[in-house]
Structure formats: structure tokens, C-alpha cells
2 protein chains.
Amino acid sequence: MVMSAEETSPDEVPAQGLRELKKQMTRGAIAAAAFKLTLEKGLDHVTVEEISRVAIVSPRTFSNYFSSKEEAVVSAGGQDPEQFLPAFREAVREVPPLEALREVFADYFMNLTDDQLDQIRQMLGLVVQYPSLLDVQAARFGNLEAELRGVVAEHTGADEETEMYPWLVASAGIAAVRAALRVWGASPADGRDKLVKLVQEALSLFSAGLPAPAPR
Amino acid sequence: MVMSAEETSPDEVPAQGLRELKKQMTRGAIAAAAFKLTLEKGLDHVTVEEISRVAIVSPRTFSNYFSSKEEAVVSAGGQDPEQFLPAFREAVREVPPLEALREVFADYFMNLTDDQLDQIRQMLGLVVQYPSLLDVQAARFGNLEAELRGVVAEHTGADEETEMYPWLVASAGIAAVRAALRVWGASPADGRDKLVKLVQEALSLFSAGLPAPAPR
DNA sequence: GTGAAAGGTTGCCGATATGGCAAATTCACC
DNA sequence: GGTGAATTTGCCATATCGGCAACCTTTCAC
């Protein structure tokens, strides 16, 4: 009989060893190079070739990982769906979906390092400056939204094809994060705590039905 | 003395005459060609050159109007921000923002022709089939969202830079439309009325704070 | 009308990007 | 250590992106 094949090592081997690790490092190196060069020289003075040179890969390899320089730049922000899904899956079993989103996102932002926060600020700047980056970022958020939607559908038993609830909840979660990031990004003095507070506030507003503010 | 210069004709001259009109026709012809060819041959078997040939313009002119074939295809869907903004501006003075969105979108979908509805269904199919089209469509929705947000901010006196409310309301409006479209698109038998009903229902759910459905 | 200015379209073309294919290299596993 | 699978790379054909200048059409003032 053959054993389960993942029993090789006791500790932290990601999935299948060196191979996967190097792939992540390559991807990270390319993304980091793209991000750094864009900050330095502006998006349109950066070419795939130069990014590849800095990341020490061939241009052909760049294409294996990203389909455009914009994608590489934006992906330097982190925030892959995998970052949130397990925690969300867990949280949604304990509390209502919107509440679960609040927990998961607050937790994520609360535990960022200072460097990561700085990077997010820089990314916000780039995204505001270059519409093409904004579009790519929107696409990334769209992917995350789709994953969240799937979890909501799975958990509540609602069919994505015929019920809007999963769509609306997932959209609300993403919208909360985006709004919080943008407003936070506008105040350079604000730190991690403020960002967390904004995210929670945004989701609370959704829970409250987005009441219209008092007219002036 | 010179008169106001727009008094030329009694009826429907769009803005500044033939020039603008021809531009819109050119844009429409390119978009229609791109859409039609994509339906017939699939996105990746369509080139800018072919689209241009069908639309009877030079490839160079294609570039003057669209920055990619994806953009041309998606823009065939209509739904430019200009379609909604005036009505929304008006409605938001009478009722709360979410309610205004409900009115405006319901009104828009209710008054579509059958041909337009068919086209929307076809576009939904393409967007589901080709992720790159989905991304471009998301970008377009993003533009509309930004315009709506501006109106909300202007009307409520909330500063987009420092307050999340305009972001959240505009996001909810777009999310409602997207969810309604997708769910509607999954049932080929449903007509205009159903779509309108879905949009209204989605916005009602937002107003109600997205209550979690009863667990099963 | 008529002529001049403004705006749109096009051809030309270089810089880049995209992605198939096969050879070369690297890693996993026995 | 050796073998098979996965990754990287070079080569290269096709396609896109846009600057520039010439050409054509509409607008506007007289």
C-alpha cells in the first residue's frame, strides 16, 4: 500500500518542496522589481525587459508568470485570496457573513507589519496615478470577491446562479475594504488602527442598511 | 451681436453638430463590429485589423477610439455613465440615495428594447466566457461607480476623500446591478420585468442591511 | 459663398508585448 | 546516481500601442 505522500517532513514544507518555494520566490522577485521600478521611473518608462533584468529572469519567464507589467506591479501588493479564505471559511461558521468579513479583514490589517503598511500606501498612490493599474487592481478584487461569494453560497446553501444574496454580501465586503483603503490613504498620518477602524465602520454601515446621513 | 450659437436647429442635434455625430457613429460601428465578430468567431480569433475592416476604418483609427479589442467589445453594451447621471442627479434630490438608485436603474432596464435586452444577454455570455472581457467590464462599472459616487458626495456634502459613505452607496448600486444581471442571465426565460424586479430587490436588501437568511 | 482654423482620419513605422515550440536546466523520488 | 516531471530559456512569428506628419472634413466668421 502507498501512503498519503505528504508525510515526508515534520515542519513547514509548503506543499511539495523546493520547487513550489522557488516558484513563489520567482514570482515575488518579479513583482517586487516591477513595483520598485514603477515607483522610481513611472509606469510607462518601465518595460517587461527591464523588470526581467532586475528580477534576474528572462523576459520569457516574465510572461510565464504575468500577462502584463500592470499585473506584476499590482500583484506586489499581496492580498491573494488564499490569504483570507481559510479564515473566512472558519469565521462564517460562527457568526453571520457580514460579521465574519469584519473579523477577517480587521484581523488581516491589524497584523500587517509597518513595511507592509507602507507598501500599501505606495500602492494606493500608484493606483490613483495610473488608471490602468486601477483596472487591474479591480480585477484582482473581483477574483477575491468571487472566492468570498463561493464561500458564502456554500455556507448559506444559496445557489450563486439563482440567488443574489452571495453576490451582495461578497460585494459589500470588497466595497468596505476598498472604501476604507482609499479614505485611509488620503490621511498620511493615520496608522494601522485607523485603517482597522474604517473597515469595521464600513461593514457596520452595510449592516445598518447604509442610512442616509442627516441632510445639510 | 452674435447669437448663442446653439440655436441652429430645432430638434435633436446632439451637442455640436455633424462632427460629434459622426464620431459617435464611428465609435458605435467599431464597437458593433467587435461585438459581432467576437460572437461569431470567439475573442481570440478576432484581430483589431479585422474589426477595423468590418467597421470600415483604418486600424489606426481603431486605436484612436479604443485601446484594445476587449474595450471595443464591452463598450458595445451601452451603459455609459452619461446614461444614468442626469436622472440620478435629479432623483437624489427627491429621495434618499439608495432609493434614487433604485428608481434610476429600474427605469433604465424597464425601458430597454427587446433588442437591447437580447444584446445584454449575449454580452453576459461573452463576459462569462472570457475573463479578459469580465475585467474590462469591471473597469467600466468602476467608472460608472466613480461618477455615481461623485454625485452622492456632491449631494450629501460628504467629502469623498475623508468619508466612506459615498463610496459605499455607489458600490452598493453597482453591486446590485451586477448581481441582478448575473442572476437574471442564468434564466433565459426571464424577461424585462424579472430583471427590474431583481434590481429593486437587491437594493432593498442593501437598505435592509443584508440580513442573513435563515440557516438550514 | 469662401477662406482659414479646428478637429478627425489615415499611413508609416519603431518599440513592445504575447505566446507557441523545443532545447536545456533543475528538482523530486526511488 | 539516475530517471521522469516541472521550470526556465531562446528563438521567433504575429499583434498591439502610439508618435508623427500629411490629408481630408467640418465649423465658423465674414
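The structure displayed is predicted, hence computed values, not measured ones. In what follows, every chain begins at residue 1, and chains take the letters A, B, ... in the order their sequences are listed.
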Angle between the two end axes of the helix from C:dG1-D:dC30 to C:dC30-D:dG1, five base pairs per end, rounded to 10 degrees? 40°
Close side-chain approach of B:Q116 to B:T113, heavy-atom, < 4.5 Å: yes
From the list C:dG8, D:dT8, C:dG11, which nucleotide is the closest neighbour of the side chain of B:S58? C:dG11
The nucleotide from C:dT9, D:dT7, C:dT10 with an atom nearest the side chain of B:V57 is C:dT10
For the CG atom of A:L134 and the CD atom of A:Q129, what is their distance to the nearest 0.5 Å? 12.5 Å
Using a cut-off of less than 4.0 Å, is there contact between a side-chain N or O of A:Y65 and OP1 or OP2 of D:dT7? no
Does B:R182 come within less than 4.0 Å of A:E161, counting only side-chain N to carboxylate O? no
Hey, what do you get for CZ (B:R140) to CG (B:L133), rounding to the nearest 0.5 Å? 11.5 Å
Which residues in residues 24-41 of chain B have a heavy atom closer than 4.0 Å to any atom of DNA chain D? none
Between A:R27 and A:F66, is NZ or CZ placed under 6.0 angstrom from the six-membered ring centre and within 45° of the ring axis? yes
Which atom pairs, one a donor and one an acceptor, fall under 3.5 Å between side chains of residues 169-176 of chain B and the rest of the protein, sequence neighbours left out?
unit_1: B:S171; atom_1: OG; unit_2: B:E145; atom_2: OE2; d: 2.9
unit_1: B:S171; atom_1: OG; unit_2: B:W167; atom_2: O; d: 2.8

Taken in chain and number order and not counting sequence neighbours, the residues that satisfy side-chain contact (heavy atoms from CB on, under 4.5 Å) with A:E147 are A:P81, A:L85
Could you go through A:E70 and A:L43, starting from their C-alpha distance and side-chain angles, then the distance that decides it, and tell me whether this counts as side-chain contact (heavy atoms from CB on, under 4.5 Å)? CA-CA 8 Å; A:E70 284 83 0; A:L43 183 62; 4.1 Å; yes
Go through the steps to decide whether A:S67 and A:E71 satisfy the test side chain to side chain donor-acceptor pair (under 3.5 Å), and finish with yes or no. CA-CA 7 Å; A:S67 61; A:E71 229 185 277; 2.4 Å; yes
Separation of atom CG in B:L43 from atom P in D:dA15, rounded to whole Å: 14 Å
Along nucleotides 14-21 of chain C, 5' to 3', which nucleotides get a B, which get an S, and which get a -, given that the test is a protein heavy-atom distance under 4.0 Å? --SSSBBB
Rounded to whole angstrom units, what separation is found between the CG atom of A:L21 and the C1' atom of D:dT8? 17 Å
Specify the separation, in whole Å, of atom CD1 of B:I51 and atom C1' of D:dA15. 12 Å
Could you tell me whether the side chain of A:K194 and the main chain of A:W184 form a donor-acceptor pair under 3.5 Å? no
Given atom CD of B:E20 and atom C1' of C:dT9, what is their separation to the nearest angstrom? 15 Å
Phosphate OP1/OP2 of D:dT26: any B:K22 side-chain N/O under 4.0 Å: yes
Can you list the residues that meet the side chain to side chain donor-acceptor pair (under 3.5 Å) rule with A:R121, with sequence neighbours excluded? none
Separation of D:dT27 atom P from B:K23 atom NZ, nearest Å, is 12 Å
